[in-house]
Amino acid sequence: MTGPTLGDGSPTHGPPADPSTPWPRRVYEQPSTELARALLGARLVRHDGAGRTAGIVVETEAYGGPDDRASHARAGRTRRTAPMFGAAGHAYVYLIYGVHSCLNVVSDGPDRAGAVLIRAIEPVDGLALMRTRRGAAPGADMRLAAGPARLCQALAVDRALDGHDLTAADRLWIADADPVTAARIADAGIVTGPRVGVAYAGDWASRPWRFGVRGHPSLSRPFPVEP
DNA sequence: ATAGGGATTCTC
DNA sequence: AGAATCCCTATT
């Protein structure tokens, strides 16, 4: 399997996988828990004045609507969370701890709020630019974007991209990975675990809504061992 | 372990 | 209005 799938496993857009064509909106129009899985192995592309950077998504987390006590949408629609209540296929970028940006992808339909947090990518394009932005030396490239705020630094993503439409090949979008990469990621398998940093969310905190590529060196942190 | 930092939401 | 909170990272 080389592309995103819908709930029944059927491809969402026809072969061949194209690493430069943005995913169409219908791929995003599914529950965040399913989109979070579909995004693993996808190519996240950023293009700006400084050049092109890109990476393979290796870790995600699903967030739901007002009923999800761990989701920003728990307070209902506000100025900040408006993108989560809007059309799928847009970015939701917020600032946390007054310091860091985090990138989410809006899921679901107009009737339901939801988003997927991109927690880590494997850098594949524009490595030198990413190192410069991160103040990193060569030799630890797999850790350049291993974390939701680190990947925003590496790709120069901030709130200027909040609400950005991901379905056009402009500034920030998501596409299929090349077939070799897609196969490598698919072969590794998927691990799940509780979401990070949401201990306040009661029984929602223990839901296994964190998804990762098994054993990948760019994961933000280890997954708890599965029973 | 904890400092850093600011927008957002909560509580009065 | 002021207070509390926060889907994190880098450094000790």
Side-chain angles (χ1 to χ4, degrees), chain A residues 28 31-37 39-40 44 55 57-86 88 90-108 112-121 123 130-137 139-164 166 172 191-213 217-224:
Chain A
Y28 298 99
S32 59
T33 48
E34 293 174 29
L35 179 59
R37 289 178 176 273
L39 282 166
L40 295 177
L44 176 64
V57 177
V58 298
E59 183 182 336
T60 57
E61 280 176 357
Y63 287 88
D67 51 327
D68 179 1
R69 304 306 297 162
S71 172
H72 284 178
R74 66 186 178 275
R77 184 182 192 133
T78 65
R79 181 187 205 85
R80 178 177 65 154
T81 63
M84 286 189 72
F85 291 80
H90 292 255
Y92 166 46
V93 183
Y94 63 87
L95 187 68
I96 187 167
Y97 299 113
V99 185
H100 304 296
S101 299
C102 290
L103 170 65
N104 298 255
V105 175
V106 176
S107 63
D108 292 272
R112 184 171 179 79
V116 175
L117 173 67
I118 312 296
R119 285 194 56 89
I121 61 173
M130 290 195 212
R131 286 186 208 111
T132 300
R133 287 169 171 164
R134 289 270 310 135
D141 289 343
M142 287 303 232
R143 307 301 299 164
L144 270 176
R150 290 172 171 183
L151 81 85
C152 284
Q153 285 180 233
L155 300 189
V157 169
D158 64 19
R159 283 177 300 167
L161 288 164
D162 188 33
H164 176 78
L166 298 167
L172 181 68
V191 288
T192 66
R195 293 173 289 184
V196 173
V198 300
Y200 58 85
D203 44 331
W204 289 85
S206 59
R207 295 199 177 203
W209 284 9
R210 178 183 176 214
F211 305 90
V213 175
S218 296
L219 294 177
S220 67
R221 62 176 79 179
F223 277 69

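The basis for the numbers below is simple: all heavy atoms, side chains too, and nothing from hydrogens, waters or symmetry mates. All chains are named by letter (A, B, ...) in the order of the sequence lines, taking the proteins before the strands, and each is independently numbered beginning at 1.
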**OP:** Give a yes/no on whether any side-chain N or O of A:Arg210 is located under 4.0 angstrom from OP1 or OP2 of C:dC7.
**Re:** no
Subject >> Base C:dC7 to side chain A:Tyr94, donor-acceptor N/O within 3.5 Å cut-off >> reply: yes
Atom pairs and distances, donor-acceptor, side-chain atoms in residues 97-105 of chain A, under 3.5 Å, two or more places apart:
residue	atom	partner	partner atom	Å
A:Asn104	ND2	A:Tyr92	O	3.2

Original post:
Which value, rounded to the nearest 0.5 Å, describes the distance between A:Ile96 atom CD1 and A:Cys152 atom SG?
Top reply: 11.0 Å
Any protein N or O atoms within reach of nucleotides 8-12 of chain B? Criterion: under 3.5 Å, listing atom names and distances.
residue	atom	partner	partner atom	Å
B:dT8	O3'	A:Arg80	NE	3.4
B:dT9	OP1	A:Thr78	OG1	2.5

Original post:
Could you give the CG-to-C1' distance, from A:Leu95 to C:dC8, as a whole number of Å?
Top reply: 11 Å
Original post:
Quick one: A:Ile96 CD1 to B:dG5 C1', roughly how many Å, whole number?
Top reply: 12 Å
Do any side-chain atoms of residues 196-211 of chain A form donor-acceptor pairs under 3.5 angstrom with protein atoms, and if so which ones, sequence neighbours left out?
residue	atom	partner	partner atom	Å
A:Tyr200	OH	A:Ala70	O	3.4
A:Trp204	NE1	A:Asp67	O	3.4
A:Ser206	OG	A:Asp203	O	3.1
A:Arg210	NE	A:Glu59	OE2	2.9
A:Arg210	NH1	A:Pro222	O	3.4
A:Arg210	NH2	A:Glu59	OE2	3.0
A:Arg210	NH2	A:Arg221	O	2.8

Tell me which donor-acceptor pairs under 3.5 Å the side chains of residues 139-151 of chain A have, and how far apart each pair is, sequence neighbours excluded?
residue	atom	partner	partner atom	Å
A:Asp141	OD1	A:Arg131	NE	2.9
A:Asp141	OD2	A:Arg131	NH2	2.8
A:Arg143	NH1	A:Pro217	O	2.7
A:Arg143	NH1	A:Leu219	O	2.7
A:Arg143	NH2	A:Leu219	O	3.1
A:Arg150	NH1	A:Ala146	O	3.3

Subject >> Distance in Å, A:Thr60 OG1 paired with A:Ile121 CD1, rounded so as to fall on 0.5 Å steps >> reply: 13.0 Å
Subject >> C:dC7 pyrimidine/purine six-ring stacking with A:Tyr63, under 5.5 Å and 30° >> reply: yes
Original post:
Which distance, rounded to the nearest 0.5 Å, do you find between the CZ of A:Arg37 and the OG1 of A:Thr192?
Top reply: 6.5 Å
Original post:
How about A:Asp68 and A:Arg195: do any of their side-chain heavy atoms sit closer than 4.5 Å?
Top reply: yes
**OP:** Could you grab the distance from atom OG of A:Ser32 to atom CG of A:Leu39, nearest 0.5 Å is fine?
**Re:** 10.5 Å
Original post:
Under 4.0 Å between a side-chain N or O of A:Tyr92 and OP1 or OP2 of C:dC7?
Top reply: no
Original post:
So what's the dot-bracket for DNA chain C: Watson-Crick or G-U pairs under 3.5 Å, [ ] if a pair crosses, | if it pairs off-strand?
Top reply: ||||||.||||.
Original post:
Tell me, do A:Arg133 and A:Gln153 make a side-chain contact under 4.5 Å, heavy atoms counted?
Top reply: no
Subject >> Separation between CZ of A:Arg112 and CE of A:Met84, rounded to the nearest 0.5 Å >> reply: 10.0 Å
**OP:** Answer with base, sugar-phosphate or nothing: what part of the nucleic acid does A:Arg134 contact at a heavy-atom distance below 4.0 Å?
**Re:** sugar-phosphate
Produce the list of close N/O pairs, under 3.5 Å, pairing protein atoms with atoms of nucleotides 1-4 of chain B; give distances to one decimal.
none

**OP:** Taking the side chain as every heavy atom from C-beta outward, state whether A:Tyr28 and A:Val106 have any atom pair closer than 4.5 Å.
**Re:** no
